[in-house]
There are 2 protein chains.
Amino acid sequence: MKLTSKGRYAVMALVDLARFDNINPVSLRDISLRQSISLDYLEQIFSKLKKNEIVKSIRGTQGGYVLNKNPNDIKLTNIFHAVDEKVKTVQCKKESKRGCNGKATKCITHNLWDELEIHINTFFENKSLEDLINDNKETRV
Amino acid sequence: MKLTSKGRYAVMALVDLARFDNINPVSLRDISLRQSISLDYLEQIFSKLKKNEIVKSIRGTQGGYVLNKNPNDIKLTNIFHAVDEKVKTVQCKKESKRGCNGKATKCITHNLWDELEIHINTFFENKSLEDLINDNKETRV
DNA sequence: TACATACCTGACTAAAATGGTCAAGTTTAG
DNA sequence: CTAAACTTGACCATTTTAGTCAGGTATGTA
């Protein structure tokens, strides 16, 4: 299972972006400063978010990034998928030599991981960027 | 978040053990052969399982390991905890310099990870070794 | 048209985690 | 007394992570 800082940074950056993009595009520099994430690293992350059409970029002076969808339509699944955080608990499939190829001779625990994956993915599919923004508003009252 | 082969191996080995320990203790050698897990690695894992009182060891010829509890009382939580698979999604606390110390200035996504952790842990707390054994019987009919 | 600001790309890397192996025991049934 | 089995701890190759660095390219504004 992979669920690391990259995914977390992506979410943090997008929540930040969502809060400020009403008026102008938001520069990575600003996000970098506000969220304490390395600018270079942010660029890698946003490159992927852009490819997945989660954000749009606006070049030039006063440029930056803008959300490409309604915050309610951006689910966490989409974000993690974009930055290659695979919510794969365990890869049995690589180990075809060893008896678990997902077909006839599943390893004893195969079903378990399938179940878990579904369990986690459901969580992410039901959580949108908008939910996070709201959560955050509440917390900072 | 950590959820890797070690945890999977632990579960596989215990399911295997549970199926064969009615009569005699089960040697790691047998488990190693049946589940294709390195014997040396199994030893590391069982050392931890023993410390956590999930299994008992019986030394000498014809020795081996036996479950120390009813399969129904061994929850997945216990197993993962024993082998140091921490279901910690993201450690914000290490980064106290950077604004998220879990106290006053939580990082924007802090609540999210807390929620996720609870979500996953609930899954593991409700799943016992016995459930897995039953699942497995069904699948192999 | 210059130039600063911002995006864009790819190569590189230190440190940590992973998934083990290896060596050297100790214990006990037969 | 010896082989089978547990026990302990050091060691290590590979992969992943979380970035850095070095160069670009595009474009709004003065």
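Chain naming here is simple, since letters A, B, ... match the order of the sequence lines and numbering starts at 1 in each. Computed from a prediction, not measured in an experiment: that's the story for all the values here. Excluded from the calculations below are hydrogen atoms, water molecules and symmetry mates; all remaining heavy atoms, backbone and side chain alike, are included.
OP1 or OP2 of D:dT7 lies within a sub-4.0 Å distance of a side-chain N or O belonging to B:Y65. Regarding contacts with the backbone of C:dC8, every side-chain N or O of A:S47 stays at 4.0 angstrom or more from both OP1 and OP2. Between A:K50 and the phosphate of C:dC8, there is a side-chain N or O to OP1/OP2 separation shorter than 4.0 Å. The phosphate of C:dG19 (OP1 or OP2) has a side-chain N or O of B:T4 nearer than 4.0 angstrom. Checking the phosphate oxygens (OP1, OP2) of D:dT7, a side-chain nitrogen or oxygen of B:S57 falls inside 4.0 Å.
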Along nucleotides 21-30 of chain C, 5' to 3', which nucleotides get a B, which get an S, and which get a -, given that the test is a protein heavy-atom distance under 4.0 Å? BB---BSBB-
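Between the CZ atom of A:F46 and the C1' atom of C:dC7 there is a distance of 12 Å, given to the nearest Å. Taking atom NZ on A:K48 and atom P on D:dA18, their separation rounds to 12 Å, with Å as the unit.
Enclosure of atom CD in A:E125 by more than 12 non-hydrogen atoms of other residues, nucleotides or ligands within 6.0 angstrom is indicated.
The side chain of B:R29 lies closest to D:dA5, out of D:dA5, C:dG19, D:dC6.
Side-chain N/O atoms of B:K50 and B:S57 include a donor and acceptor closer than 3.5 Å.
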Go through the steps for A:Q35 and A:D16 under the test side chain to side chain donor-acceptor pair (under 3.5 Å), then give the verdict. CA-CA 8 Å; A:Q35 303 299 330; A:D16 185 288; 2.6 Å; yes
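Across its full length, the helix from C:dT1-D:dA30 to C:dG30-D:dC1 shows an angle of 10° between the axes of its 5 terminal pairs at either end, rounded to 10 degrees.
When all heavy atoms of B:I74 and B:K69 are compared, the closest pair comes out as CG1-CB, 3.9 Å.
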